[in-house]
Amino acid sequence: MVAFNNAAALVALSLTASTSAFAPTSTNLITSRSSIAQNDVISRNMMVDINDVVSSAANIASGQNLAGIFFQSSLLPYLLFLYFLQFKGNRTPNLGNFGFQYLLLFVLGTIPSGIITKSVYGESLANVDWLHGGAEALLTITNVLIVLGFREAMSNPDYRSEGSKFGVTPKIVAGLGAVAFAVACATGANLGFEAHSPFLFGAGNLGEETVLSLPFVMHSEPINALSIPTWAIHFSSVFEFLFAMDLIWKFAETTDNPKWKGLTWGMLPLHASGIAACTYHFFYNPSSLQFLVELQAFFTLLGNVTCAIAAYRIAISNGWTLKELNPFPKSEISPEGIVVDEVAALPYNVVETKESELQLAAKLAALTIFSSYALKYGELSLDLPLTENGIAASAIVFGIPAITGFVYYNRGKEESGEGFSLPSFSMGGKDGEGLSMADVKKFGISGTVAYVLTELAFWAVAFPVASTALYQTTGHWPDVFNDNSDRAAVLAFIFTGANIARLLVPLRLGAALALAPWVDENIINRDGASDSQQS
């Protein structure tokens, strides 16, 4: 329906343009006066709507919708991912590590750009092409930094001794990109950029007459269709992320640590998040497919959690212990520190690359340009993008990442005989020695009490969180006693959370183990400790 209205608006605009070419007869004069009156009404309505827009922008910024809740919740696990990834013993390439940190600028960049699109244009960020493409460019820079960092560490034999051959140039360019986007956000609206002004002035866009003359084109393009530069930024980000997943998989060979392959698996939900965003744009961002935005946010949260788990396993395998959380300077002669320093000093195993940087860049450019033109103008030959078909959209979102996952499953099976296995969380870093209830029982009553406390803490938090999520989504607090739908929604949320938490049983066991000594000292043996102090 939205697409039909857009098409009707284009027809109306063309009719208005053709009518204005004639002399102003009395009929045209009446029409123009009527149009002026209508414009006055529209202007007054727009003034009222702007207040609503500012209010809704504030609501979005504070997470007053399901997608906002997911996006906000994804920040903490990503920070944990960054913490574990930068652990000294991991030997994470400096530029690659910087690339993952740079993603925070992309997250920060979407906040002011999203507020501008609402407050100035009354649109979502997806429909304001010049801001949309600019924000997405920060994500592209992120992926380029990751690819360059890991690729050079794997292929440059002098990397460990002489450092990166790129020097600080990539970081400077990345910084300039962030500054350019900030300047665009601050001045773009004042310079006359409109809601549908194309990113990079629409460089590469085909003219409307040229598009309509193509033999396969069946439909006119909606006004909010992405420009070629914005589609190129999206496809570039997707392809670069796939390159990054491949390089991190190979980095396991470079470091003789198969745990790095787990990070590739951890990145798979983030790949699905990117596909969800592109699918939403493929259907021209209709409000009826808003669930795609929520899916994108959910996959972002899930991906950040799985990446944090993968980075934790990498760090554990390289000597990270709970003592690393101690903020005070560590002894230079501590056994743990010596082990970590020895691991950090190990050289990389150089992996021969089949393509030079120039060849890889050419491959990326060819894939990006071809995909951008093929999708932007090829979808005009289809009815599907205008149908707002949720089933087809879901098939795309889940289908493409499933194919990617199947590729890595077969790859793992060929290399090690095991396609995929759930990760262990062993503190010693060896597979098959993960945490279990037996480890908790070693602490006796203290361990059991600690485990009960961690489980009680989960359920004590689950109901308030579920109630708050319902409030943020529907605007009212749940009435679990009188409203069956509210009761079902809260229980469904808790059930889903419990099943997700079940996947993190090793972390919950780890929390119980960490709590057990405190329980033993402050609850179980508190009287005994007091007696010993008095004696």
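This structure is a prediction, so every number in the text was calculated from the model and none was measured.
To the nearest 0.5 Å, the span separating CG on Leu289 from CD on Glu294 amounts to 11.0 Å. Taken to the nearest 0.5 Å, the CG atom of Leu145 stands 11.0 Å off from the CG atom of Asn97. With rounding to the nearest 0.5 angstrom, the CD1 atom of Ile275 is 12.0 Å from the CG atom of Leu270. The distance from the CE atom of Met245 to the CH2 atom of Trp265 is 8.0 Å, given to the nearest 0.5 Å. From Leu105, atom CG reaches atom CG of Leu139 across 12.0 Å, with rounding to the nearest 0.5 Å. Here the CG atom belonging to Leu360 is positioned 12.5 Å from the CZ atom belonging to Phe239, to the nearest 0.5 angstrom.
Heavy-atom neighbours of Ile445 CD1 from other residues, nucleotides or ligands within 6.0 Å: at or below the threshold of 12. Within 6.0 Å of atom CD in Glu253, 12 or fewer heavy atoms from other residues, nucleotides or ligands are found, so the atom counts as exposed in its surroundings.
Residues Phe166 and Leu148 form a side-chain contact, since some pair of their non-hydrogen atoms from C-beta on lies under 4.5 Å apart. Two residues are said to be in side-chain contact when any heavy atoms from C-beta on lie closer than 4.5 Å; Cys278 and Phe235 fail this criterion. Residues Leu82 and Leu104 are in side-chain contact: their nearest non-hydrogen atoms beyond the backbone lie under 4.5 Å apart. A heavy-atom distance below 4.5 Å is found between the side chains of Glu240 and Leu364. Between Leu79 and Asn304 there is no side-chain heavy-atom pair separated by less than 4.5 Å. Side chains of Phe291 and Ser394 form a contact here, defined as non-hydrogen atoms less than 4.5 Å apart. Put simply, the side chain of Tyr312 reaches to within 4.5 Å of the side chain of Trp320, judged on heavy atoms. Contact of the Leu301 side chain with the Pro77 side chain is registered, since non-hydrogen atoms from C-beta on lie closer than 4.5 Å.
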Carefully, step by step, assess Gln296 and Leu292 under the rule side chain to side chain contact (heavy atoms under 4.5 Å, CB included). CA-CA 6 Å; Gln296 178 193 3; Leu292 291 175; over 6 Å; no

Test side chain to side chain contact (heavy atoms under 4.5 Å, CB included) on Trp260 and Lys250 and set out the steps. CA-CA 8 Å; Trp260 280 98; Lys250 294 176 180 176; over 6 Å; no

Could you walk me through whether Trp231 and Thr368 pass the side chain to side chain contact (heavy atoms under 4.5 Å, CB included) test, one step at a time? CA-CA 8 Å; Trp231 266 126; Thr368 297; over 6 Å; no

Residues Leu295, Phe398; criterion side chain to side chain contact (heavy atoms under 4.5 Å, CB included); working and verdict: CA-CA 10 Å; Leu295 264 182; Phe398 288 97; 4.1 Å; yes

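Proximity of a side-chain donor or acceptor of Gln359 to a complementary backbone N or O of Ser356 within less than 3.5 Å is detected. At distances below 3.5 Å, not a single donor-acceptor pair connects side-chain atoms of Asn90 with backbone N or O atoms of Gln86. Using a distance-only test at 3.5 Å, with no hydrogens or angles considered, no donor-acceptor pair links the side chain of Thr279 to the main chain of Ala393. In terms of modelled atom types and a separation under 3.5 Å, the side chain of Ser113 and the main chain of Thr110 share a donor-acceptor contact. In this structure, the side chain of Thr230 does not engage the main chain of Leu226 through any donor-acceptor pair within 3.5 Å.
Using a 4.0 Å cut-off between a side-chain N of Lys or Arg and a carboxylate O of Asp or Glu, Glu357 and Lys165 qualify as a salt bridge. Look at Arg91 and Asp256 and you find no salt bridge, because none of the NZ, NE, NH1 or NH2 atoms lies under 4.0 Å from a carboxylate O.
Each of Tyr102, Phe98, Phe241 was compared with Thr142 under the side-chain contact (heavy atoms from CB on, under 4.5 Å) criterion, and only Tyr102 meets it. For the ring-ring contact (aromatic ring centres under 6.0 Å, His included) with Trp249, the lone residue among Tyr409, Tyr408, Phe150 that qualifies is Tyr408.
Nearest approach of Ala297 to Ala67, heavy atoms of both residues: CB-O, 3.5 Å. Shortest non-hydrogen contact noted between Ala252 and Pro258 is CB-CA, 3.9 Å. Nearest heavy-atom pair, Ala153 versus Pro93, reported as atom, atom and distance to 0.1 Å: CB-CG, 3.5 Å. The two residues Leu131 and Cys185 have their closest heavy-atom pair at CD2-SG, 3.7 Å. Of all non-hydrogen atoms in Ala126 and His281, the two that sit nearest each other are CB-CE1, 3.7 Å. Across every non-hydrogen atom of Ile233 and Phe199, the tightest pair is CG1-CE2, 3.8 Å.
For Lys363, the side chain to side chain donor-acceptor pair (under 3.5 Å) criterion is met by no residue, not counting sequence neighbours.
Under 3.5 Å, the side chains of Ser273 and Thr300 contain a donor-acceptor pair of N or O atoms. Between Thr140 and Ser236, the side chains place no donor N or O within less than 3.5 Å of an acceptor N or O (distance only, hydrogens not considered). Lys171 and Asn94 share a side-chain donor-acceptor pair at under 3.5 Å. Side-chain polar atoms of Asn257 and Ser317 form a donor-acceptor pair below 3.5 angstrom. A donor and an acceptor atom, one from each side chain of His271 and Thr404, are located under 3.5 Å apart.
Taking the six-membered ring wherever Trp is involved, the centroid distance between the rings of Tyr78 and Tyr83 does not fall below 6.0 Å. In summary, the aromatic rings of Phe81 and Phe100 are positioned with their centroids under 6.0 Å apart.
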